[in-house]
Amino acid sequence: SDTGKGISEHDQNRIFERVVKVDDYIPGAGLGLSVVKSHVENLGGTFGVESALGVGSTFWFTLPIDPQR
């Protein structure tokens, strides 16, 4: 979670795509979120974001737990 400038609802639908940056001011290649989402989903989980402009963002994930382990 952070208290940054937040991500618009429109951009929240795009940020998990490869090479997508919603702010050119922030350095990076725009790959990180797509890589994380891919890894989490390959493990059978889900990954998402809750964000509001001017409030900040919370990124979350869920992973299944095998009770046999």
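What's counted below: heavy atoms across the whole structure, side chains too, no hydrogens, waters or symmetry copies.
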Path from F16 to V35 over hydrophobic side-chain contacts below 4.5 Å: no
Check: N42 side chain, S38 main-chain N or O, donor-acceptor pair, under 3.5 Å: yes
F59 and I15: CA distance, side-chain angles, deciding distance, side-chain contact (heavy atoms from CB on, under 4.5 Å) verdict: CA-CA 12 Å; F59 290 86; I15 60 172; 3.9 Å; yes
Donor-acceptor contact below 3.5 Å, side chain E17 vs main chain S34: no
Single-linkage hydrophobic cluster, 4.5 Å side-chain cutoff, L43 and L33 together: yes
Any V36 side-chain heavy atom under 4.5 Å of F47 side chain: yes
N13 side, atom CG; I7 side, atom CD1 - distance, nearest 0.5 Å: 11.0 Å
Check: D2 side chain, S57 main-chain N or O, donor-acceptor pair, under 3.5 Å: yes
Between CG on residue L63 and CD on residue E41, distance to nearest 0.5 Å: 11.0 Å
From CA spacing to verdict: side-chain contact (heavy atoms from CB on, under 4.5 Å), T46, V40: CA-CA 6 Å; T46 56; V40 169; 5.6 Å; no
